[in-house]
Number of protein chains: 2
Amino acid sequence: MSAELRLNQIIDKLKARHFRLTPQRIAIVKALLTLSHPTVQQIYTEVRSSFPTTGLGTVYKTVTLLNELGEAFELTLGGGSSHYDAIEPYPHPHFICPQCGEIVNVEVPGLAELLERTGSTMNGWVITSRVDIWATCPRCQSAAGIRKYPEGGAMEQTSA
Amino acid sequence: MSAELRLNQIIDKLKARHFRLTPQRIAIVKALLTLSHPTVQQIYTEVRSSFPTTGLGTVYKTVTLLNELGEAFELTLGGGSSHYDAIEPYPHPHFICPQCGEIVNVEVPGLAELLERTGSTMNGWVITSRVDIWATCPRCQSAAGIRKYPEGGAMEQTSA
DNA sequence: TTAGATGCAAACTATTTGCATTTTC
DNA sequence: GAAAATGCAAATAGTTTGCATCTAA
């Protein structure tokens with residue numbers, strides 16, 4: 001899914017629902033699509049380069065609106081602010097490098113079935129789920145040279 | 001792992017590290033082990049039934065200490081406060097019922113391998129991960145009678 | 001023209017910090 | 001007795017809300 005296509009999709013949805021296409025709003029959507037999994041602060045900083053009077057509250061309101069419209073997915077990582085994904089605005093697994101902070105969407109083949117099976121075992125009606133993996137990315141591996149998190153740490157208990 | 005055993009393990013660790021065994025601290029550990037995945041507020045309320053002058057800051061400090069000692073695992077669910085698990089103080093999958101708020105630890109057979117395989121595919125050094133499933137629990141299913149979240153909602157996009 | 005959006009400031013929630021007083025070891 | 005913990009209050013951070021002013025439709 002490309003950023004340009006998503007921009008049009010989101011604009012169409014806003015139009016269809018009779019929300020106004022203000023310059024700030026469009027700039028916020030573009031920032032959401034340009035930056036990778038940005039926080040509200042990051043969007044705010046970006047938007048202010050084009051619209052210096054934009055308020056932080058406006059960014060919060062717009063991001064919340066897009067989230068309610070199903071056009072921006074909120075990713076809560078704990079410790080600080082939420083991140084948003086407007087390119088793939090639905091739950092999906094992430095790879096997160098704690099060294100550089102990079103967040104990447106990943107495919108985990110077979111995961112959906114595994115979770116659905118677990119849901120059945122528990123006799124639950126599955127609504128949604130989240131799967132996130134923290135890992136030192138290749139770039140940070142070479143930068144570090146040595147392993148920051150030696151064996152025997154949290155790693156071995158990665159999952160039950 | 002039983003609560004009584006964990007209580008002794010935690011007390012032993014505190015002793016070994018020369019942290020003091022104050023009555024408040026022990027009450028906080030007991031509350032952590034008695035309540036299921038409690039928040040700091042819930043621990044605070046519980047502890048104040050025995051020690052009415054206990055401060056919220058003390059609960060925060062103790063829970064943070066236990067977390068740093070690896071004796072309490074922090075679960076960040078977004079929207080509000082962190083939950084803590086001192087019985088299984090390491091990452092593991094959860095079942096969360098959004099209706100009643102119940103949080104249960106679950107086993108997902110084969111998950112560790114799946115995540116490790118994904119880590120290799122990404123050439124990452126896996127540090128930790130989280131897997132959580134939101135599902136209407138059996139009790140709330142019967143209470144509701146009908147499905148709160150019809151097919152075609154967020155459910156179908158449970159994972160990539 | 002007018003309902004809706006912006007921008008600014010105040011309010012709120014969860015959490016952290018500082019410090020005088022109290023308590024464990 | 002000394003180092004550490006408590007309890008209280010003030011500070012912080014992220015986010016939400018209220019409202020007068022402005023603007024897209």
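Reckoned from all heavy atoms, side chains included, excluding hydrogens, waters and symmetry mates. Chain letters run A, B, ... following the sequence lines, proteins first, then strands; residues in each count from 1.
- Under a 4.0 Å N-O distance rule, the pair A:K30/A:E46 does not qualify as a salt bridge.
- Rounded to an integer number of Å, the gap from CG of A:L56 to P of C:dA5 is 18 Å.
- Checking the phosphate oxygens (OP1, OP2) of D:dT6, a side-chain nitrogen or oxygen of B:T22 falls inside 4.0 Å.
- Atom P of nucleotide C:dT24 and atom CZ of B:R17 are separated by 23 Å, given to the nearest angstrom.
- Rounded to whole angstrom, the span from the CD atom of B:E68 across to the C1' atom of C:dT16 amounts to 12 Å.
- Separating the CG atom of B:L21 from the P atom of D:dA5 is a distance of 10 Å, rounded to the nearest angstrom.
- To the nearest angstrom, C1' of D:dA3 lies 13 Å from NE2 of B:H18.
- Regarding contacts with the backbone of D:dT6, every side-chain N or O of B:T53 stays at 4.0 angstrom or more from both OP1 and OP2.
- OP1 or OP2 of C:dT15 has at least one side-chain nitrogen or oxygen of B:S82 nearer than 4.0 Å.
- Within the structure, every side-chain polar atom (N or O) of A:Q24 is placed at least 4.0 Å from both OP1 and OP2 of D:dT23.
- The distance from atom OH of A:Y60 to atom C1' of C:dA10 is 16 Å, rounded to the nearest whole Å.
- At whole-Å resolution of the value, NZ in B:K61 and P in D:dC8 are 12 Å apart.
- Using a 4.0 Å heavy-atom cutoff across all strands shown, B:T58 reaches at least one base atom of the nucleic acid.
- Heavy-atom distances to DNA chain C give each of B:S81 and A:R48 a nearest nucleotide, and the one nearer the 5′ end belongs to A:R48.
- Across C:dT15, C:dT2, D:dA5, the shortest atom-to-atom separation from the side chain of B:R20 is found for D:dA5.
- Between the P atom of D:dC22 and the CZ atom of A:R25 lies a distance of 19 Å, rounded to the nearest Å.
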